[in-house]
Amino acid sequence: MAVARKTAKGVWDRFSASDPGLLRLMAGLRTVGAILLALAVLALLGTPVPHLVAGAMTAMVATFAIQEKEVRGQAITLLLGLPVALAAISLGALLNSRVIAGDLFFVALIFAAVYSRRFGDRGTALGLIGFQVYFVSLFVNASVPALPELYLTLTVAFACSAVARFALVPESPERTLARLREAFRARLAQLIAHQIDLLDADTEDVDKVLVDLRRSTARLHEAALMIQGRLEEGTSDASAAALLQRRVADAEIAAERLGVLLLNARSAERVDTLTLHLPNASAAMPPRSRLAQDAGTALRRDLRALHLLVVRLVPDDRGTALPYVRNRLLGYREEQGLPQGSPAIQDCFRAVGETARAIVGLRLAVDGARDEEYDTPEAARSREEFEAEEISISGEAAEAEAAEEQPRGLRRPTTRAAVQVSVGSALAIVGGEFLSAQRWYWAVLTCWVVFLNTASTGEILVKGYRRLLGTVLGVVAGVALAGAVGDHTWIAFALVLLCVFGMFFTAPLSYALMSFFVTAMLGLLYTLLNTYSLDVLVLRVEETALGAACGIIAAVLVLPVRTSHRTDEELGTVLARLRDVVAAAVAQLSGGPAIDLVDLARDLDTALDALRSSTKPLTHPIAPLRARRRNARYVVALLETCAYHARSLAATAELVPASKSVAADARLALAGRRITHNIELIAAHVRDEESDGEIESGASIASMLDSGRHDVLRTGSVAFRVLRHLQRLDEGIVGLARPLGVPLPIREEKPAGAHGAAKR
């Protein structure tokens, strides 16, 4: 039984790590539950099949459209959504036989639905409900005599959506945050497991392990960002949210740094580009070798112990085994019991200690203290540091952020998108009428969908391509499913539910997959409505292609936002956030006042995620310009490297106010000025602003600050760690200059470390 429980827990951890917070699973189950409940109630009321379809589609819309985090807000939006849906179905039935008036109203409704996004989640939800229910009226060919029964159908659908949301699959910020914390733990355990695999991997298997290591590191970062995005609603107060945010960031950075140091130790030809820059230091550095047998065995043992701290295999953490392991690992931070080995290997042991400390801090923030009686002096000092940080966080005054000036008129994103999608939909209506007088609305739906969550012409082009690809594959599946189902109504409804679940479970992963499930579901719905034929599904492909083309034409010709313009805007934001983090961290490390660096680091991560999203059209396989694709990937990779070192620098600076072992050094301000100057110069070039000066490079950060005391910069010391991150930042920023077209000094033939900066 114990083995079975352990296996089941391992399988669940993998699933939890693949779906952080179980958000996709809950969304799929909630939507399917609402549809299933609506179908059951409507079937008991003797509702005809066309109205069953209308009820199922309305229940689906009422469930997925509402994205507010607070339960009270969800309930209010759901209540407001019912009259909106009733008005939409009424107008759909009234205008069904009036072609011109119906088309004009549909375009006006589309404009209003998109424009309403400016009012936040509630405006977005109500606009989506209005559009989709009007579409349902067209799909089921609603008529005025059928309105009373349709009103009852929609009311039942909304009630069932409420039951599914608040009773069957309840959702609250607290539950979501708790599941996200569990997902973070599972992903952290996966990352450490891959780090163990890295030590055990043979030479021919290293590349595969590195792919897994990079993927698990990125997924851990994704879970950390998701937690930070839900802290305010999911915690009791602001200080608790700030504390948990800091502990999550500490654990992420410590685990990421451990992986970097393991890679360094694993490399047989590693060259330390920091200490080699020091005067006369290269001769004193011992050559790097492969992991010694004894040190490697000890490191594997300690990584497994670290994995044990994460997964909590000891029930309720009772007894002395887990505290003993914890205390031994924490001792490495202060050189207590540090195993013998090369400097690179000893760096790994110190990083294990730092990661253990971060895990203990995360547990204290989530569960509180439980086993203080087993503390060694090193563990007690770690707790004291945590308590000092917690007091510091609680005492910080929340400063209101200055509101950014929002663009007005047609420059406002919601207004521009509303105009674009209205023009595209008008074109789709005209073209769709030529293809089919009965099912022209599929072209309009596609045009609407390709504009959702897009901000540039390139994104719309890629989304239209994915929509068409998924639709073509879905037609094949729809033909097969419709033929297999035949006249079995409830089997068709069961398959519809499976398609709905697949649609919502895969939506965040692949838009093409989501479109596949949507089209397969439509084939089944047409079967239920007795209107299925192969010609109908082929028409679906034609209307989809037409709608995507109309959307692209509108995006290109009406108030276009070029992909390069948007990426430049996002790049400028990333550089500004990077400058803020580096400047604030260096100021605190130089003896300046303590500020909340975690918030700054989170803003940097958010901006970097937005940049990745904006560059997807440039890096997509269908992008025709290969050189531009390589350049975009190179710039994003360099910025990811710089962001890692900036986060690590901020994490080290956070230790200064409360720690007795980390002291400020005023000399670091000089290094920070050079880095921030270069960032500002590149940012000005990206914004097409006139700027004086040139990229500063030359002597390394370490040699600039060297005072002749190499013992201060010994491997593993805090000063060494800070200088290493500063050096990598300096190299990465200089490396950014060339691909972004920033002029380099004439004397510089090749920026030092431009290619090495991509390595951590």
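Note that these values count all heavy atoms, side chains included, but never hydrogens, waters or copies made by symmetry.
Separation of atoms SG (C447) and CD1 (I110) is listed at 7.5 Å; rounding is to 0.5 Å. With rounding to the nearest 0.5 Å, the separation of OG1 in T573 from CG in L578 is 12.5 Å. The structure places CG of N631 at 11.0 Å from OG1 of T615, a figure rounded to the nearest 0.5 Å. How far CZ of R179 is from OG1 of T176: 4.5 Å, rounded to the nearest 0.5 Å. To the nearest 0.5 Å, atom CZ of residue R257 and atom CD1 of residue I253 are 11.0 Å apart. Rounded to the nearest 0.5 Å, atoms CD (Q420) and OG (S425) are 11.5 Å apart.
A donor-acceptor contact shorter than 3.5 Å links the side chain of K463 to the backbone of V449. The backbone N or O of F505 sits less than 3.5 Å from a side-chain atom of R24, completing a donor-acceptor pair.
Residues L729 and C642 come closest through the heavy atom pair CD2-O, 3.3 Å. Across all their heavy atoms, A224 and V248 have their closest contact at CB-CG1, 3.8 Å. Nearest heavy atom pair, residue G28 against residue F504, reads CA-CB, 4.0 Å. A113 approaches S116 most closely through the heavy-atom pair O-OG, 2.7 Å. Residues R647 and D605 approach most closely at NH1-OD1, 3.1 Å, considering heavy atoms. L220 and A255 make their closest contact through CD2-CB, 4.3 Å (heavy atoms, listed as atom of the first residue, atom of the second, distance).
Side-chain atoms of D688 and D568, non-hydrogen and from C-beta on, never get closer than 4.5 Å to each other. Contact of the N678 side chain with the L736 side chain is not registered, since no non-hydrogen atoms from C-beta on lie closer than 4.5 Å. Side-chain contact between W442 and L435 is absent, with no heavy atoms from C-beta onward closer than 4.5 Å. Between F501 and T31 the shortest side-chain heavy-atom distance does not fall below 4.5 Å. You'll find the side chain of T471 stays beyond 4.5 Å of the side chain of V518, heavy atoms only. The closest side-chain heavy-atom distance from L109 to F105 is below 4.5 Å. Between C499 and L524, some side-chain heavy-atom pair lies under the 4.5 Å cut-off. Looking at T446 and L468, their side chains never come closer than 4.5 Å, going by heavy atoms from C-beta outward.
The stretch residues 506-524 participates, sequence neighbours left out, in no salt bridge (charged side-chain N to carboxylate O under 4.0 Å, His left out) pair at all. The stretch residues 422-432 participates, sequence neighbours left out, in no salt bridge (charged side-chain N to carboxylate O under 4.0 Å, His left out) pair at all.
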Derivation and outcome, salt bridge (charged side-chain N to carboxylate O under 4.0 Å, His left out), residues D212 and R215: CA-CA 5 Å; D212 293 337; R215 184 185 299 115; 3.0 Å; yes
Derivation and outcome, side-chain contact (heavy atoms from CB on, under 4.5 Å), residues D580 and L604: CA-CA 9 Å; D580 293 343; L604 171 60; over 6 Å; no
T506/F517 under side-chain contact (heavy atoms from CB on, under 4.5 Å): CA gap, chis, key distance, verdict: CA-CA 9 Å; T506 60; F517 283 113; 3.8 Å; yes
Intermediate values then yes/no, side-chain contact (heavy atoms from CB on, under 4.5 Å), Q74 and Q67: CA-CA 8 Å; Q74 295 172 10; Q67 299 295 328; over 6 Å; no
Worked check of side-chain contact (heavy atoms from CB on, under 4.5 Å) between E256 and L191: CA-CA 9 Å; E256 191 174 9; L191 177 58; 5.7 Å; no
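The salt bridge (Lys or Arg N to Asp or Glu O under 4.0 Å) search around D609 returns R612, not counting sequence neighbours. Every salt bridge (Lys or Arg N to Asp or Glu O under 4.0 Å) that R566 has, sequence neighbours left out, goes to E459, E570.
The 12-atom threshold is not exceeded at CZ of R562, counting heavy atoms of other residues, nucleotides or ligands nearer than 6.0 Å.
Aromatic ring pairs are classed by plane angle as parallel below 30°, tilted from 30° to 60° and perpendicular above 60°; the pair Y115 and F119 is perpendicular. Relative orientation of the F135 and Y441 rings is perpendicular, given thresholds of 30° and 60° on the angle between their planes. Between H725 and Y644, the ring-plane angle classifies as perpendicular under the 30° and 60° cut-offs.
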What donor-acceptor contacts under 3.5 angstrom involve side-chain atoms of residues 121-131, with partners at least two apart or in another chain?
{"unit_1": "R122", "atom_1": "NE", "unit_2": "T77", "atom_2": "OG1", "d": "2.9"}
{"unit_1": "R122", "atom_1": "NH2", "unit_2": "E68", "atom_2": "OE2", "d": "3.3"}
{"unit_1": "R122", "atom_1": "NH2", "unit_2": "G73", "atom_2": "O", "d": "3.3"}
{"unit_1": "T124", "atom_1": "OG1", "unit_2": "G120", "atom_2": "O", "d": "2.9"}

Distance-only donor-acceptor pairs under 3.5 Å for side chains of residues 540-557, two or more places apart:
{"unit_1": "R540", "atom_1": "NH2", "unit_2": "T519", "atom_2": "OG1", "d": "3.4"}
{"unit_1": "T544", "atom_1": "OG1", "unit_2": "R540", "atom_2": "O", "d": "2.8"}

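Test E252, E222, H221 against R187 for side chain to side chain donor-acceptor pair (under 3.5 Å) and you get one pass: E222.
Residues H194 and Q190 have side chains that never bring a donor and an acceptor to within less than 3.5 angstrom of each other.
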